[in-house]
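Scroll down for the structure; my scribbles are underneath it.
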Amino acid sequence: MPKGQRINFSSKLAVVAAAAGSAVGLGNIWRFPYELGQYGGAAFLIIYLVFVVLIGMPVMLSEFVIGRMGQSDAVGSFKKLAPKGKWWLIGVMGVLTSFLIMGFYAVVAGWTLEYIYQAVANQFVNKDTATLTQVFVDFCTDTWRPLIWLFVFMIISAIIIMLGVKDGIEKSTKFLMPLLFIIIVALGIRAVTLPGGVAGLKFLFQPDFSKITSGVILSAMGQAFFSLSLGMGCMITYGSYISKKNHLSHTVVEVSLMDTLIAVLAAVAIFPAVFSLGINPGYGPELVFITLPNVFAQMPGGYVWSILFFILLCVAALTSAISLMEVVVAYLVEEIKIKRLTATIWVTIIILFLGVLASLSFGVWKEVKIFNMGFFDLFDNVTSKVLMPIGGLMISVFTGWVLSRKQIRDEISTHGRFPTKYYNAYIFLVRYITPIGILFVILNQLGLGRWLGLS
Ligand code: PFF
């Protein structure tokens with residue numbers, strides 16, 4: 001698409017809504033609580049928050065800067081800003097990462113559709129925890145049912161993508177995000193007042209640092225990348241749709257705050273219930289789908305709450321899925337010059353293929369392992385613990401060391417229009433703290449840290 005003709009988000013609120021729509025999703029409500037449960041609660045939460053501030057926010061600002069300066073997709077923006085180097089390979093890695101994430105993300109999004117159905121059919125009442133667990137296990141190990149929902153979810157996403165970024169995302173997020181917020185708060189209130197619920201709050205807010213290992217640190221960092229949609233060109237692509245009138249650093253702060261708030265509130269809704277019901281907090285991906293139906297069953301008006309909640313969870317997944325697909329579709333349309341419709345169809349087919357692999361890895365293909373992991377876990381781990389951090393590392397090196405300080409200052413301030421109060425702190429973070437931090441966490445996990453005497 002020639003310069004000047006690119007679609008822009010219509011207003012400031014629309015920018016925040018779209019970026020927050022990408023960030024807030026299954027990562028906050030499904031993935032964050034179960035990672036927190038597996039990795040020991042409060043200590044994980046604290047490390048996570050440190051990563052959001054020291055790594056997440058600088059990388060998000062860097063992605064917006066690259067996208068808005070480059071005025072192109074994740075690959076094209078790098079080509080425009082550094083025509084001679086090979087930096088555009090970061091964008092290519094992002095495109096691959098998008099596919100892999102969608103491979104498992106769409107499966108879980110399909111699960112939310114099943115749970116909308118179960119909520120409508122009033123399936124949660126009068127069932128104890130053991131029965132609700134069995135219902136979930138039977139469902140996700142089944143062959144066809146999850147695949148049908150996966151298919152339905154992908155068709156909906158593909159239709160929205162075909163219609164273009166702006167319309168679908170802006171409207172849905174602006175209206176639905178506050179509603180999601182209200183429901184999670186209501187759930188939280190019910191959960192905290194369950195008998196024995198306070199133990200869940202202790203688990204969440206009383207840190208036990210003896211539980212921290214190099215693996216826990218890497219997971220917290222991976223979760224920060226995943227939850228904020230970073231390290232793979234998503235915010236570069238969206239950055240290219242942001243108008244020059246927008247104050248980028250404010251957007252970064254708003255989106256990060258919103259994303260973190262929703263994740264913490266989701267944990268507040270889940271852990272008191274987990275402890276009250278005697279569910280194992282380290283359960284894994286099943287945690288939310290087992291715990292929350294229990295809470296709904298014990299809530300006044302639980303029937304309506306449960307339907308609303310799963311619809312909103314599905315919509316949150318949808319706005320994130322769209323942002324993931326947009327990374328690939330924008331690349332195919334702008335770099336490879338494929339029509340938007342054709343690109344969407346191909347992307348959908350490839351994601352469906354990966355999704356089938358991921359979905360069946362819970363059931364009939366349970367035994368198929370690569371690096372000792374099923375397809376679902378493989379896609380999940382490789383993206384959040386390897387590809388996104390490496391992408392984030394390269395993005396911060398690119399902004400910190402390749403772009404000139406003047407270029408960045410001009411972009412962030414829109415040529416002096418906005419104050420750049422924290423500009424020096426940002427440059428310092430992106431040059432030193434962010435890349436060294438990411439590298440350290442990765443090396444630490446590989447055991448090289450110990451070997452080099454770094455930890
Ligand atoms: N941030 C999304 C979530 O938390 O559910 C997932 C995601 C969306 C990751 C877009 C990466 C991305 F580019």
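Along the sequence shown, the residues carry numbers beginning at 1. Start at 1 and go down the list; that is how both ligands and their atoms are numbered.
- Applying the ring pair (Phe, Tyr, Trp, His ring centres under 6.0 Å) criterion to Phe51, with sequence neighbours excluded, gives no partner residue.
- A donor-acceptor pair shorter than 3.5 Å can be found between the side chains of Ser229 and Ser22.
- Checking Glu326 against Tyr241 by side-chain atom types alone, a donor-acceptor pair falls below 3.5 Å.
- Ring pair Trp305/Phe296: centre-to-centre distance not below 6.0 Å.
- Screening residues 28-51 for salt bridge (Lys or Arg N to Asp or Glu O under 4.0 Å), with sequence neighbours left out, gives Arg31-Glu35, Arg31-Asp380.
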Distance dump, ligand 1 polar atoms to protein, N/O, under 3.5 Å:
residue, atom, partner, partner atom, Å
ligand 1, 1 (N), Ser22, O, 3.2
ligand 1, 1 (N), Ala23, O, 3.0
ligand 1, 1 (N), Phe226, O, 2.8
ligand 1, 1 (N), Ser227, O, 3.0
ligand 1, 1 (N), Ser229, OG, 3.0
ligand 1, 4 (O), Ala23, O, 2.9
ligand 1, 4 (O), Gly27, N, 3.3
ligand 1, 4 (O), Asn28, OD1, 3.3
ligand 1, 5 (O), Leu26, N, 3.1
ligand 1, 5 (O), Gly27, N, 2.7
ligand 1, 5 (O), Tyr105, OH, 2.4

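- Residues passing the salt bridge (Lys or Arg N to Asp or Glu O under 4.0 Å) test with Arg190: none are found, sequence neighbours excluded.
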